[in-house]
S.K.: 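Here it is, the structure, as structure tokens.
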Amino acid sequence: MKPNRLKDKLRAGEPAFGVSVMIPSPQIVEMIAAAGFDWVLLDCEHGTLTLESVELMAMAAEASGITAIARPITRSAEHILQVLDRGVMGVQVPHVNTAEEARAVIAAVKYHPSGRRGLAAGTRAANYDAHGTLADYVKAANDATLIAVQLEDQAAIDNIDALLQVEGIDVFFIGPSDLSQSMGHPGNPKAPAVAQAIDASLRKMAAAGRTPGMPAVADSVRGVLDQGVRYIYTHLPRLLAGSAKDYLAKAKGMD
């Protein structure tokens with residue numbers, strides 16, 4: 001099991017910047033790495049990624065020196081296992097609303113004695129059983145694999161005190177879009193009730209010494225950093241759209 005540079009940065013309290021990718025392309029992963037990002041989120045929940053493309057994109061991330069994290073289709077143990085066995089270094093699990101669900105995620109990610117993840121020697125995650133013993137791999141994987149849970153429903157906010165007491169979660173990620181919808185303000189995370197819920201949750205994470213995560217565009221990065229967020233990503237379409245708009249505005253201004 002290779003070192004998890006993303007997890008190491010978060011343990012040190014340093015910010016780590018990533019890009020969420022929903023389309024299958026190892027080349028895009030390489031471009032993200034070349035641009036200087038720390039990690040990439042392979043989004044199976046909302047994107048068109050297959051297990052094969054997750055594996056190829058994880059290979060591209062490793063070769064390029066950045067960390068690949070996968071968002072499985074659901075929080076089910078089956079979907080979590082499928083992406084982990086492709087060799088990603090962690091998971092960002094959607095719609096985790098209770099402490100019981102958070103503990104179930106840990107059980108799906110970790111091997112015995114911390115969990116009950118299915119163990120197979122021939123997977124890419126286990127280096128195809130070619131280096132060291134399987135027991136060595138289990139120990140390394142339990143330490144290195146990152147677990148982020150997404151708090152993106154009203155129920156998660158209501159249960160946040162109990163969620164923050166669950167040991168073994170590396171990142172508590174607030175999903176503003178789904179949260180805004182859950183709270184009756186779809187697409188408007190700046191609605192007062194939603195913004196207040198997010199701010200209160202981030203304060204509780206900081207007070208509990210836990211690591212918060214959130215998406216952020218360039219103009220909002222400073223704000224989330226000031227709130228203690230260290231696991232940060234933006235979306236590939238937003239990067240492309242922003243750069244394209246800036247380019248065209250400048251190009252057309254030269255007419």
S.K.: So which atom in I174 and which in P176 form the shortest heavy-atom distance, rounded to 0.1 Å?
M.R.: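 Residues I174 and P176, closest heavy atoms: O-CD, 3.1 Å.
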
S.K.: I'd like to know if R5 and E62 make a salt bridge, using a cut-off of under 4.0 Å between side-chain N and carboxylate O.
M.R.: no

S.K.: If we count only N and O atoms by modelled type, under 3.5 Å, do the side chains of S243 and D246 hold a donor and an acceptor together?
M.R.: no

S.K.: Just grab all the salt bridge (charged side-chain N to carboxylate O under 4.0 Å, His left out) pairs involving residues 28-54, residues at least two apart or on different chains.
M.R.: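 Counting only pairs at least two positions apart or across chains, the salt bridge (charged side-chain N to carboxylate O under 4.0 Å, His left out) contacts touching residues 28-54 are K9-D38, D43-R71, E45-R71.
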
S.K.: Under the rule for side chain to side chain contact (heavy atoms under 4.5 Å, CB included), what residues qualify as partners of D158, not counting sequence neighbours?
M.R.: Q154

S.K.: Are W39 and F17 near enough that their ring centres are under 6.0 Å apart?
M.R.: no

S.K.: Rounded to the nearest 0.5 Å, what's the gap from OG1 on T145 to NZ on K7? Could you check?
M.R.: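 Result: 6.5 Å between the selected atoms.
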
S.K.: Taking the basic N atoms (NZ, or NE/NH1/NH2) and the acidic carboxylate oxygens, is any pair closer than 4.0 Å for D85 and R117?
M.R.: yes

S.K.: Who are the ring-ring contact (aromatic ring centres under 6.0 Å, His included) partners of H79, not counting sequence neighbours?
M.R.: none

S.K.: Within the structure provided, determine whether P24 and T48 are in side-chain contact (heavy-atom separation under 4.5 Å).
M.R.: yes

S.K.: For the pair F173 and Y231, name the ring-plane relationship: parallel under 30°, tilted 30 to 60°, perpendicular over 60°.
M.R.: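 Correct class here is perpendicular.
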
S.K.: Quick one: list whatever passes ring-ring contact (aromatic ring centres under 6.0 Å, His included) with F172, sequence neighbours left out.
M.R.: none

S.K.: About how many Å separate CD of E55 and CD of Q82, when rounded to the nearest 0.5 Å?
M.R.: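 The CD atom of Q82 sits 12.0 Å away from the CD atom of E55.
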
S.K.: Could you pull out the closest heavy-atom pair between V83 and V88, with the gap in Å?
M.R.: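 Minimum heavy-atom separation between V83 and V88: O-CG2, 3.4 Å.
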
S.K.: Quick one: list whatever passes ring-ring contact (aromatic ring centres under 6.0 Å, His included) with Y137, sequence neighbours left out.
M.R.: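 If we apply the ring-ring contact (aromatic ring centres under 6.0 Å, His included) test to Y137, skipping adjacent residues, the hits are Y111.
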
S.K.: Decide yes or no on salt bridge (charged side-chain N to carboxylate O under 4.0 Å, His left out) for E101 and R75, but give the supporting numbers first.
M.R.: CA-CA 9 Å; E101 291 172 357; R75 66 171 185 265; 2.9 Å; yes

S.K.: Who passes salt bridge (Lys or Arg N to Asp or Glu O under 4.0 Å) against D153, sequence neighbours left out?
M.R.: none

